[in-house]
Each structure stands twice: as structure tokens, then as C-alpha cells.
Amino acid sequence: MKTFPTSAAWCFGILFISVSLITTVSSEVQVVGPADKVVALAGDDVILPCSLKPSVNAEGMIVEWTELNQKAANVHLYRDRRDSYEGQLPSYKGRTSMFKEELKNGNVSLKLTRVTLSDAGRYRCFLPKLNSQVKETTVQLFVDSFSHS
Ligand SMILES: *[C@@H]1O[C@H](CO)[C@@H](O)[C@H](O)[C@H]1NC(C)=O
């Protein structure tokens with residue numbers, strides 16, 4: 001009885017599985033947040049970073065920005081290639097926007113203007129239709145009050 005063919009088959013099998021795992025994992029698009037914490041001064045504008053890595057065009061995707069501290073309430077929604085303010089928290093009205101020119105580069109960052117102290121918290125950037133294991137990231141926003149000293 002020769003055991004060689006069996007072990008060779010196992011070796012090839014394991015090698016094949018490993019290689020396919022590595023290639024699927026590395027080629028898969030991921031939603032990536034900021035490397036550092038995001039700090040804003042009350043009254044200023046701030047960008048909550050979120051992008052797709054490797055970059056793929058996000059113009060036709062759905063992007064949901066929600067506030068996790070407020071039961072995942074809607075902060076900004078982008079779908080059907082435009083902004084939707086359906087169900088948006090009133091406190092964010094007229095203060096949110098996305099960078100339309102950046103969407104094609106996979107940059108789905110949110111711009112929040114006239115930041116208030118109560119904006120501090122955790123924001124979720126979620127792309128429900130993204131064909132990936134990693135469809136979301138969380139961005140923590142810290143807000144400093146203006147000091148007159
Ligand atoms: C996304 O776009 C904004 C606005 O132009 C820019 O400030 C930010 O650096 C961009 N992020 C990435 C990851 O390119």
C-alpha cells in the first residue's frame with residue numbers, strides 16, 4: 001500500500017484551500033474608518049471618515065450613517081444616487097452632506113457642519129448592499145467646547 005498519493009492529495013488540497021482563502025480575503029472590499037480619533041470644536045465643521053478599501057465606486061451603493069447612541073437613528077442616508085432625509089433625526093437637519101465627487105473613489109465620508117456638544121458619540125457608516133464581510137465601521141466623535149482662555 002502506497003500512502004504517497006493520499007498525502008500528496010491532502011497537501012494539494014490544503015494548499016489550494018489556503019491560497020483561495022488568502023486571495024478571497026485580500027481581494028475583498030472593506031469599509032474602513034479613521035485611523036485616529038475624530039475631534040471637533042463645537043461650532044466647527046467635521047468630517048467623519050469612511051471609505052472602501054480597496055477603493056471601488058460607491059455612487060450606486062446605499063450608505064447609511066446612523067448615530068449608535070441614539071438607537072441607531074438616521075443621520076444621513078444616500079441611496080438611488082442621491083441623498084435621502086427620510087427618518088433623519090431633526091437635530092441633524094441641514095447639517096449633513098457627503099462628498100459627491102469622492103463617491104467614485106469609494107470615499108463615503110460624512111461632513112457634519114456646525115457641530116454641537118450633543119453630536120459627540122458613535123456613528124456607524126454602513127453599506128448594506130456591499131458584497132463583503134465587512135460592511136460597516138464605527139466612528140467615534142469627540143466634541144470640545146470652545147474655550148475663551
Ligand atoms: C474623502 O474626501 C474628503 C473630502 O474631500 C477628504 O477630506 C478625505 O481625506 C477623503 N478621504 C479619503 C480616505 O480619501
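Since the structure is predicted, the reported quantities are computational estimates derived from the model, not experimental observations. One-based numbering, in listed order, for ligands and for the atoms of each. The figures here come from the full heavy-atom set of this structure, side chains too, leaving out hydrogens, waters and symmetry mates.
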Quiz item: Please walk me through it: do Leu110 and Val139 pass side chain to side chain contact (heavy atoms under 4.5 Å, CB included)?
Solution: CA-CA 10 Å; Leu110 183 76; Val139 181; over 6 Å; no
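Less than 4.0 angstrom separates some heavy atom of Ser51 from each of these atoms of ligand 1: 13 (C). The atoms of ligand 1 that sit less than 4.0 Å from any heavy atom of Glu102 are 1 (C), 2 (O), 5 (O). Listed by atom number, the atoms of ligand 1 under 4.0 Å from Phe99 heavy atoms are 4 (C).
Taking a 4.0 Å cut-off on heavy atoms, Pro49 fails to register as neighbouring ligand 1.
When non-hydrogen atoms are compared, ligand 1 lies under 4.0 Å from the side chain of Ile47 (C-beta onward) but not from its backbone.
For the salt bridge (charged side-chain N to carboxylate O under 4.0 Å, His left out) test, residues two or more places apart in sequence or in another chain that qualify with Asp83 are Lys100. Residues that satisfy the salt bridge (charged side-chain N to carboxylate O under 4.0 Å, His left out) test with Arg79, not counting sequence neighbours, are Glu86.
Between the CZ atom of Arg95 and the CZ atom of Arg114 there is a distance of 6.5 Å, given to the nearest 0.5 Å.
Inside a 4.0 Å radius of atom 9 (O) of ligand 1 there is not any protein heavy atom.
Under the 4.5 Å side-chain criterion, counting only non-hydrogen atoms from C-beta, Val29 is not in contact with Lys53.
Within the 3.5 Å criterion, the main-chain N or O of Leu68 finds no donor-acceptor partner in the side chain of Thr66.
The protein heavy atom nearest to atom 11 (N) of ligand 1 is Asn107 ND2, 2.8 Å.
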